[in-house]
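Throughout, a chain's letter reflects where its sequence line sits, starting with A, and its residues are numbered from 1.
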Number of protein chains: 2
Amino acid sequence: MPSQIAQRTLAHVVQRPAPHPCLVGARVALRPQCLGCDGRPDTGQRLLERGDVCVMQGDPATHLFAVVEGFLRESTYDADGRAVSARIVGPGHVLGLAALNPTPSSYVATIEVLSRARVCILPADRARAWFTDHASFALDLAVLAAADLDHLRRDLALRAQPADDRVLALITELVRASTSDPLAWVRLPATREQLGEVLGLTLETVSRAVQRLVARGHLELRGRDLRLTSTHDATPSHPTSRSDAANPDKSTAT
Amino acid sequence: MPSQIAQRTLAHVVQRPAPHPCLVGARVALRPQCLGCDGRPDTGQRLLERGDVCVMQGDPATHLFAVVEGFLRESTYDADGRAVSARIVGPGHVLGLAALNPTPSSYVATIEVLSRARVCILPADRARAWFTDHASFALDLAVLAAADLDHLRRDLALRAQPADDRVLALITELVRASTSDPLAWVRLPATREQLGEVLGLTLETVSRAVQRLVARGHLELRGRDLRLTSTHDATPSHPTSRSDAANPDKSTAT
DNA sequence: CGCGTCCTTGATTCATTTCAAAGTTAGTGG
DNA sequence: CCACTAACTTTGAAATGAATCAAGGACGCG
């Protein structure tokens, strides 16, 4: 039964609370320490403050970043320095995968801290060595990347919808990722402008959309804090049924 | 020196001709046969015709698809059956990564054949077993997925630009992926409507954009064939320089 | 040669951007 | 504690790019 799109996440954050105390470790082990880490290892984690920049678009890619806590924004800028695409990532995410590439490459996005965050920073060569010795974790990482890919695709799909829907979807994600209670009052970790960059809208449009959502009763606003008023899923659905298929069989491949 | 965005590709197709005769095998070995395969293995490849559908959005994910030759379109549909996002993939691509997920999952996109294609179809469990025994290939796959991710991000970025630019960028990619001579006459493997789905535009807008490009001398049209008139890269560039960075050091991570 | 599919072109409508100007909020230092 | 400021948000009016609706025209298959 086809409803894989149901699960709404913040740029790939698993929202069902993982048993593992570290959301990264729950999904993939990036180094030996991960296997027994409780989310606060003795070594290797950095505490970052709002506004810190982890990497800049164009820097040579040398490190992986695993988000343990807090929110970062990964954005791409064009020649004029305008943000042309962005996503907000929360706990559980691994950024900077470009660094794994055996041929030297550069980061394609700038990573910036939105709200106080704890991040594991990990040299690419060490990660590569670790994965080479531990095949199943490398596979986990590939699966993780594939999930990111799907999510990004969903984001792309969202762009076909009107501004209001997109804003509501993003806010819902952010709220879910920051608190367990979906109806709690929260302060978003991003400004209207940053939300706009993620959604491909201008700050004014985001503001107007928020106002419309308030007017329609989807949202409550109190200063810079906000609250969702319902737990509706706004979840899209499926394909049109089509016929013929080149259906796979028990073959093998390259 | 920061210009990783320079390399324009068709949804992640490597355009520099790989030494390996199979563009998939050149990037990742998906099964033992890959190691010695010349692009036409004795077993496991399927020849698909235009219009064939490999998988439908929502089907349980059980197989991986590796594109050896030809073009496929991977698209997502919304509840009304409208295409909300799509990409065109050519030789070298591995689709259906969702199948690698150890917990049963479904495909999030429909994969359809655009032009006669040879595709290796590979059961997920077999792939998983193979990768578990061959760590470095799993890592290759993760790198591949990461590259896809970057490309998708670039596509997302493209959406911030006007229709004409996007159409030109896509056509340039398609031309490069289909012939070695960037100035040759080619027949695009997609209709205006399909291009529109990839770009998030309507068929009319694509048509008008093409006409404008012809008028401005970027393109020549002859019936349904077309030709680029220059090899300009239309390549975007970089960030605004910023200062402080949480610069990585020799730490480790989870 | 005729029909289905694909492409072009025009007129109109609409959502979003842009430009511009206030209005809020929260943090700072006197 | 208050004034002051910088950053952020709201709101308005006009401009704009793309979608939509609608009609013709070209290609290519059988």
Whole angstrom value for the distance that separates [atom2] of [N] from [atom1] of [X]:
{"X": "B:Gln194", "N": "C:dT5", "atom1": "CD", "atom2": "P", "value": "14 Å"}
{"X": "B:Arg212", "N": "C:dT9", "atom1": "CZ", "atom2": "P", "value": "11 Å"}
{"X": "B:Asp165", "N": "D:dG17", "atom1": "CG", "atom2": "C1'", "value": "13 Å"}
{"X": "B:Leu158", "N": "D:dA18", "atom1": "CG", "atom2": "P", "value": "13 Å"}
{"X": "B:Arg222", "N": "C:dC7", "atom1": "CZ", "atom2": "P", "value": "17 Å"}
{"X": "B:Leu195", "N": "C:dC6", "atom1": "CG", "atom2": "C1'", "value": "12 Å"}
{"X": "B:Asp225", "N": "D:dG28", "atom1": "CG", "atom2": "C1'", "value": "12 Å"}
{"X": "A:Leu203", "N": "C:dT16", "atom1": "CG", "atom2": "C1'", "value": "13 Å"}

>> I need the single residue from B:Leu201, B:Val210, B:Thr205 that forms a side-chain contact (heavy atoms from CB on, under 4.5 Å) with B:Arg192. Which is it?
In response: B:Val210

Any donor-acceptor pair under 3.5 Å joining the side chain of [X] to the base of [N]?
{"X": "B:Gln211", "N": "C:dC7", "answer": "no"}
{"X": "B:Arg208", "N": "D:dG17", "answer": "no"}
{"X": "A:Glu204", "N": "C:dC19", "answer": "yes"}

>> If you count heavy atoms of other groups shown closer than 6.0 angstrom to CZ of B:Arg116, is the number above 12?
In response: no

>> Other residues, nucleotides and ligands only: do more than 12 of their heavy atoms fall within 6.0 Å of CD on A:Glu193?
In response: no

May I ask you to say what [X] touches in the nucleic acid, namely base, sugar-phosphate or nothing, with a heavy-atom cut-off under 4.0 Å?
{"X": "B:Gly200", "result": "sugar-phosphate"}
{"X": "A:Arg187", "result": "sugar-phosphate"}
{"X": "B:Leu221", "result": "sugar-phosphate"}
{"X": "A:Thr191", "result": "sugar-phosphate"}

By nearest atom, which of the nucleotides [options] is closest to the [X] side chain?
{"X": "A:Arg224", "options": "D:dA19, D:dC8, C:dC6", "answer": "D:dC8"}
{"X": "A:Thr202", "options": "C:dT8, D:dT20, C:dT18", "answer": "C:dT18"}
{"X": "A:Arg50", "options": "C:dC7, C:dT17, D:dC8", "answer": "D:dC8"}
{"X": "A:Thr205", "options": "C:dT8, C:dT17, D:dT20", "answer": "C:dT17"}

> Would you call A:Arg216-A:Asp164 a salt bridge at under 4.0 Å N-O?
Replying inline: yes

Please check: side-chain N/O of [X] versus main-chain N/O of [Y], any donor-acceptor pairing under 3.5 Å?
{"X": "B:Ser207", "Y": "B:Leu203", "value": "no"}
{"X": "A:Thr229", "Y": "A:His218", "value": "yes"}
{"X": "A:Asp165", "Y": "A:Pro162", "value": "no"}

>> Side chains of B:Gln45 and B:Arg118 only: does a donor on one sit below 3.5 Å from an acceptor on the other?
In response: yes

>> Angle between the two end axes of the helix from C:dT8-D:dA23 to C:dG30-D:dC1, five base pairs per end, rounded to 10 degrees?
In response: 40°

